[in-house]
Amino acid sequence: MPNHDVRAAVFPVAGRGTRFLPVTKTVPKEVLPIVDRPCIEYVVAEAVAAGIEHLVFVTAKGKDALVDYFMPDADLEAFLTLHGKDDLLDQVRQVVSMADVIAVRQDEALGLGHAVLQAKDAIGDHDFAVLLGDDIIDSERPAIAQLMEDRPSGHAVVALMEVPSAHTSRYGICAGSMATPTRMAVHSMVEKPKPEDAPSNFAIVGRYILPADMWHRLAETRPGRGGEIQLTDAIASLAAEGRVDGVAFSGQRFDTGNVVGLLRASVHFALKRPDLEAPVRAMLAEMSNR
Ligand code: G1P
């Protein structure tokens with residue numbers, strides 16, 4: 001019997017990060033910092049805060065630094081102990097103890113749907129979450145937990161956000177009927193439609209809860225937009241059966257997949273840090289006069 005509790009999550013992190021070249025030649029884009037933590041940690045923390053215990057990273061060549069970040073480092077711990085840096089030692093250990101992390105490889109860049117499928121054996125016959133590292137959501141209640149609430153058994157749930165019509169070609173777009181002001185019964189989904197072809201302006205943000213029977217759908221999904229195996233297309237087959245809900249989550253979303261979005265997130269989270277708020281405000285005031 002499939003288990004419908006969501007205890008495991010897939011993090012597709014195999015992308016090359018071309019928008020951040022040249023730094024991403026040697027540094028995975030997921031470890032680029034927001035203040036003093038890698039981007040991916042904000043997304044992992046969201047999943048952990050929602051009760052997710054097992055994390056599966058779908059990686060590629062060159063992503064060791066990302067996986068290592070969540071693994072114990074005996075040398076570093078010995079160094080910090082020797083020098084009496086207990087506070088830093090606690091912080092380093094806390095990251096490692098956040099959750100169980102395993103990494104699987106996507107050997108060919110065949111698309112997001114294909115990347116998620118690589119986690120099949122690691123997850124097994126369970127409902128699971130998918131969190132995309134480029135989308136960071138700051139919210140009181142973790143966005144992925146908002147998707148788990150009131151989920152009918154066997155349904156997929158995707159996070160939705162209204163976007164300007166001119167931006168539909170950047171997102172998966174959902175159409176359906178609003179069951180409540182924040183919940184859509186999704187009838188159809190299309191990956192990155194041109195504005196004139198978009199059935200609505202409700203875009204999928206990178207948070208999904210997927211039922212255990214997604215695996216065979218992913219395996220059967222043929223290449224779509226851009227010649228890639230799209231997660232949106234695999235979920236669309238469930239939408240056709242009335243088994244997809246969209247949730248307009250509450251929270252602030254940052255697209256850290258581009259340079260300005262990453263800077264914006266950095267400033268946002270720095271302003272939330274009591275030790276940084278005043279100097280960062282002073283810096284912003286000084287720079288706005290240039
Ligand atoms: C992916 C998905 C897309 C979704 C988006 C959210 O696209 O394919 O459906 O709307 O993430 O960020 P990507 O941004 O990886 O091209």
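Owing to the predicted nature of the structure, the values given are computational and were not obtained by experimental measurement.
In this structure, the side chain of Lys63 engages the main chain of Gly15 through a donor-acceptor pair within 3.5 Å. Thr168 contributes no side-chain N or O that, together with a main-chain N or O of Asn201, makes up a donor-acceptor pair within less than 3.5 Å. The backbone N or O of Gln230 lies less than 3.5 Å from no partner atom in the side chain of Arg225, so there is not a single donor-acceptor pair. Of the possible polar contacts, none joining the Gln106 side chain to the His114 backbone as a donor-acceptor pair under 3.5 Å is found. Glu77 places no side-chain N or O within donor-acceptor distance of the main-chain N or O of Arg93, the cut-off being under 3.5 Å. Judged by distance alone, with hydrogens and angles left aside, the side-chain atoms of Thr256 form a donor-acceptor pair with the main-chain N or O of Asp134 at under 3.5 Å. Of the possible donor and acceptor atoms, none in the side chain of Arg253 sits under 3.5 Å from a partner among the backbone N and O of Val205.
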Point to revise | Verdict with supporting geometry, Asp245 and Asp150, side chain to side chain contact (heavy atoms under 4.5 Å, CB included) | key: CA-CA 10 Å; Asp245 298 332; Asp150 305 322; over 6 Å; no

Practice item. Please assess Asp73 against Val92 for the test side chain to side chain contact (heavy atoms under 4.5 Å, CB included), listing each intermediate value before the final yes or no. Key: CA-CA 9 Å; Asp73 182 338; Val92 164; 5.6 Å; no

Practice item. Check the pair Arg151, Asp127 against side chain to side chain contact (heavy atoms under 4.5 Å, CB included), reporting the backbone distance first and the verdict last. Key: CA-CA 11 Å; Arg151 182 174 69 103; Asp127 293 6; 2.9 Å; yes

Exercise for review: Please lay out, stage by stage, how Val44 and Phe57 fare under the test side chain to side chain contact (heavy atoms under 4.5 Å, CB included).
Suggested key: CA-CA 10 Å; Val44 165; Phe57 288 158; 4.0 Å; yes

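Here CG of Leu117 is found 11.5 Å from CD1 of Ile123. Values are rounded to the nearest 0.5 Å. Taken to the nearest 0.5 Å, the OG1 atom of Thr59 stands 10.5 Å off from the CD atom of Gln118. To the nearest 0.5 Å, the span separating CE on Met98 from CG on Leu55 amounts to 8.0 Å. Once rounded to the nearest 0.5 Å, the distance linking CH2 of Trp215 with CG of Asp121 reads 9.0 Å. Between Ile235 atom CD1 and Ile204 atom CD1 the span is 6.0 Å, to the nearest 0.5 Å. Interatomic distance, CE of Met184 versus CZ of Phe202, reported as 5.0 Å (0.5 Å rounding).
Between Glu228 and Glu191, the closest side-chain pair of non-hydrogen atoms is not below 4.5 Å. Side-chain contact between Pro28 and Val13: absent, with no pair of heavy atoms (C-beta onward) separated by less than 4.5 Å. Contact annotation: the side chain of Leu238 approaches that of Asp213 to within less than 4.5 Å [non-hydrogen atoms, C-beta and beyond]. Counting only heavy atoms from C-beta outward, the side chains of Pro38 and Leu66 never approach each other to under 4.5 Å. Contact annotation: the side chain of Ser250 approaches that of Gln146 to within less than 4.5 Å [non-hydrogen atoms, C-beta and beyond]. Here the side chains of Ile209 and Ile144 are in contact, with some heavy-atom distance below 4.5 Å. Residues Phe269 and Asp138 have side chains in contact (heavy-atom distance under 4.5 Å, counting atoms from C-beta outward). For the pair Leu262 and Phe20, the minimum side-chain heavy-atom distance is below 4.5 Å.
Linking Ile, Leu, Val, Met, Phe, Trp and Tyr whenever their side-chain heavy atoms come within less than 4.5 Å puts Tyr42 and Val27 in one cluster. Put simply, Val130 and Val43 are part of two different groups of oily side chains (I, L, V, M, F, W, Y) that touch within less than 4.5 Å, one to the next. Both Val186 and Leu218 are part of a single hydrophobic cluster, where members link through side-chain heavy atoms under 4.5 Å apart. Leu131 and Val104 fall into different hydrophobic clusters, where Ile, Leu, Val, Met, Phe, Trp and Tyr are joined by side-chain heavy atoms under 4.5 Å apart, directly or via other members. Hydrophobic clustering (side-chain heavy atoms under 4.5 Å, transitive across Ile, Leu, Val, Met, Phe, Trp, Tyr) groups Val244 together with Val10.
Nearest heavy-atom pair across Pro193 and Pro199 is CG-CD, 4.4 Å. Here the shortest heavy-atom pairing between Val48 and Ala99 reads CG2-CB, 3.9 Å. Of all heavy-atom pairs between Ala119 and Val56, the closest is CB-CG1, 3.8 Å. Closest heavy-atom contact between Cys39 and Ile136: O-CD1, 3.7 Å. When all heavy atoms of Cys174 and Leu160 are compared, the pair lying nearest together is SG-CD2, 3.7 Å. Contact record, Met71 with Val101: CE-O, 3.7 Å, taken as the closest heavy-atom pair.
Between Phe254 and His268, the two ring planes are tilted [angle within 30° to 60°].
The 12-atom threshold is exceeded at CD of Glu220, counting heavy atoms of other residues, nucleotides or ligands nearer than 6.0 Å. The 12-atom threshold is not exceeded at CZ of Arg264, counting heavy atoms of other residues, nucleotides or ligands nearer than 6.0 Å. Shown here is Glu140, whose CD atom has no more than 12 heavy atoms of other residues, nucleotides or ligands within 6.0 Å. Enclosure of atom CZ in Arg19 is not indicated, since only 12 or fewer non-hydrogen atoms of other residues, nucleotides or ligands lie within 6.0 angstrom. Counting non-hydrogen atoms of neighbouring residues, nucleotides and ligands closer than 6.0 angstrom, the CZ atom of Arg37 exceeds 12 such neighbours.
In this model, a donor atom of one side chain and an acceptor atom of the other lie less than 3.5 Å apart for Tyr69 and Glu41.
Remark: aromatic rings of Tyr171 and His167 are distant, center separation not under 6.0 Å.
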